[in-house]
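For reference, the structure is listed below as structure tokens.
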Amino acid sequence: MLRGLYTAASGMMTQQRQQEALSNNIANANTPGYKADQTAIRAFPELLIEQMGGANRIPTTQGGFNIPSSRQLGGLNTGVYVQETIPHYAQGDIVESGLPTDIAINQREVPDENGAIFFTVQNNDGDVRYTRNGNFTIDADGYLVTNQGYYVLDENGNNIQTDGTIDIISPEGVIPTAGGDITLGTQYIADANTLIKEGNDLFQGDAAAVPGDADYTLQQGALEQSNVNTAQSMTDMMNAYRLFESNQRVLRVYDESLGKAVTEIGRLS
């Protein structure tokens, strides 16, 4: 009985984790460059149940002896759990914003199936991180920064000094400035699934130079929208809620059964 209680409880916790991921996706449906999280759900190891009982009598010259016998009844699932949460790196829609500091990565084709191209930025600790959110702006010192205030980096890993304005950004990411042309920094992740999501649209991982056969451009005055499918996410949320309720009802039945076992059976004895 207790095993069934634990199975129902694990189902409730799994659906709660699923709801949290879906809620976060919907909350970021309008965040530029946001990549929707997907939960990978796995089952705990399945147990093989055997019926133990009875005995087979083995004849011998001394009268024989008994050995236990068993019969396989089938498998027993012990519940499920969320193994990990993985962002989905599919290209989002490109929408024009009209702001010269907004930049979208229009990634059409890369050599690796799970490969992705990112902007390079510097977080508050001075470490290099990656983002697809091109909603940039210019700070009071004339540097190009993200909307959280992180410095956007050029191809050499330096902060980008814009002299207070940006007029033109070429499809290759070249920004003309008074001090000469600056190329916006982009990096390539061969397997984006290895990235660690840090929040604030930042990812951590190992990157390399963008391969020469990658087909992409940088589009000024536009933003890549999130790849969240709001309608599908709402449907998945309703399904997760119903599954949570179903496990909750099973858990309540087990709880009532245990209560009767403690009170009524104990009173009869």
Side-chain angles (χ1 to χ4, degrees), residues 24-25 27-36 87 89-108 110 115-189 192 195-205 207-210 214-228:
N24 187 55
N25 288 342
N28 286 279
N30 295 321
T31 301
Y34 177 81
K35 301 304 177 186
Y89 293 98
Q91 172 80 41
D93 295 332
I94 304 297
V95 177
E96 292 188 4
S97 66
L99 297 176
T101 54
D102 285 343
I103 311 168
I105 296 177
N106 189 359
Q107 177 180 307
R108 291 178 289 271
V110 292
I117 300 170
F118 294 84
F119 297 111
T120 56
V121 300
Q122 185 182 67
N123 66 9
N124 291 330
D125 296 327
D127 299 321
V128 175
R129 295 294 183 262
Y130 310 101
T131 184
R132 286 292 288 251
N133 187 346
N135 184 205
F136 301 145
T137 187
I138 298 174
D139 68 6
D141 298 321
Y143 288 100
L144 188 66
V145 296
T146 68
N147 52 15
Q148 287 89 18
Y150 306 132
Y151 289 112
V152 180
L153 304 178
D154 64 13
E155 61 180 350
N156 298 316
N158 301 316
N159 301 342
I160 297 176
Q161 174 57 250
T162 66
D163 302 321
T165 184
I166 289 181
D167 295 323
I168 298 175
I169 300 176
S170 75
E172 293 76 28
V174 178
I175 305 173
T177 67
D181 292 346
I182 298 175
T183 302
L184 196 67
T186 54
Q187 290 284 291
Y188 180 70
I189 312 293
L195 291 172
I196 300 173
K197 202 171 188 178
E198 290 191 346
N200 293 326
D201 306 319
L202 299 184
F203 295 91
Q204 176 186 356
V210 179
D215 183 10
Y216 80 104
T217 55
L218 302 182
Q219 186 172 339
Q220 184 183 15
L223 290 172
E224 178 189 4
Q225 300 301 295
S226 74
N227 62 0
V228 176

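The first residue of the sequence shown is numbered 1, and numbering continues consecutively from there.
Pairing each heavy atom of N135 with each of P32, the nearest pair is CB-CG, 4.4 Å. Taking both residues in full, the closest heavy atoms of Q122 and N159 are given as OE1-OD1, 3.8 Å, listed atom of the first, atom of the second, then distance. Taking all atoms of both residues into account, the shortest heavy-atom contact from A104 to I94 is CB-CD1, 3.8 Å. Taking each heavy atom of S226 and N30 in turn, the nearest pair found is OG-N, 4.3 Å. Taking all atoms of both residues into account, the shortest heavy-atom contact from R132 to K35 is CG-CE, 4.0 Å. Across all non-hydrogen atoms, the minimal contact from L144 to I138 is CD1-CG1, 4.4 Å.
Not one N or O on the side chain of D201 forms a donor-acceptor pair closer than 3.5 Å with the backbone of N133. Between the D102 side chain and the S97 main chain, no donor and acceptor come within less than 3.5 Å of each other. When atom types are taken as modelled, the side chain of Q91 and the backbone of Q107 share a donor-acceptor pair closer than 3.5 angstrom. No donor-acceptor pair closer than 3.5 Å links the side chain of T183 to the backbone N or O of G173. Judged by distance alone, the side chain of D141 and the main-chain N or O of Y143 form no donor-acceptor pair under 3.5 Å. Panel note: side chain N227, backbone A36; a donor-acceptor pair is recorded below 3.5 Å. Using modelled atom types, no side-chain atom of Q219 and backbone atom of E224 make a donor-acceptor pair closer than 3.5 Å.
Here Y150 contributes atom OH and T120 contributes atom OG1; the two are 15.0 Å apart, rounded to the nearest 0.5 Å. The distance from the CG atom of N200 to the CG atom of N147 is 8.5 Å, given to the nearest 0.5 Å. We find the CG-CG distance between D93 and L223 to be 12.5 Å, quoted to the nearest 0.5 Å. Taking CG from N106 and CD1 from I117, the interatomic distance works out to 10.0 Å, rounded to the nearest 0.5 Å.
Residue-environment remark: CG (N158) exceeds the threshold of 12 foreign heavy atoms within 6.0 Å. Around atom CG of D127, more than 12 heavy atoms belonging to other residues, nucleotides or ligands sit under 6.0 Å away. Residue-environment remark: CD (E96) stays at or below the threshold of 12 foreign heavy atoms within 6.0 Å.
You'll find the side chain of L202 reaches within 4.5 Å of the side chain of T131, heavy atoms only. Using a 4.5 Å heavy-atom threshold, the side chains of L218 and P171 count as separate. For the pair V210 and Y216, the minimum side-chain heavy-atom distance is below 4.5 Å. In this structure the side chain of V174 never reaches within 4.5 angstrom of the side chain of I169, judged on heavy atoms. Between N28 and V228, every side-chain heavy-atom pair lies at or beyond the 4.5 Å cut-off.
Between Y89 and F203, a ring centre-to-centre spacing shorter than 6.0 Å is recorded.
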*Determine, stepwise, if the pair F119 / T146 fulfils side-chain contact (heavy atoms from CB on, under 4.5 Å).*
CA-CA 10 Å; F119 297 111; T146 68; over 6 Å; no
*Please lay out, stage by stage, how Q148 and N124 fare under the test side-chain contact (heavy atoms from CB on, under 4.5 Å).*
CA-CA 10 Å; Q148 287 89 18; N124 291 330; over 6 Å; no
*Go through I175 and L184 one step at a time and tell me if the side-chain contact (heavy atoms from CB on, under 4.5 Å) criterion holds.*
CA-CA 7 Å; I175 305 173; L184 196 67; 4.3 Å; yes
*Given the rule in the side-chain contact (heavy atoms from CB on, under 4.5 Å) test, do Y130 and Q187 qualify, once you have shown the distances and angles that lead to the verdict?*
CA-CA 8 Å; Y130 310 101; Q187 290 284 291; 3.8 Å; yes
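Between the side chains of N24 and Y34, at least one donor-acceptor pair of N or O atoms lies under 3.5 Å.
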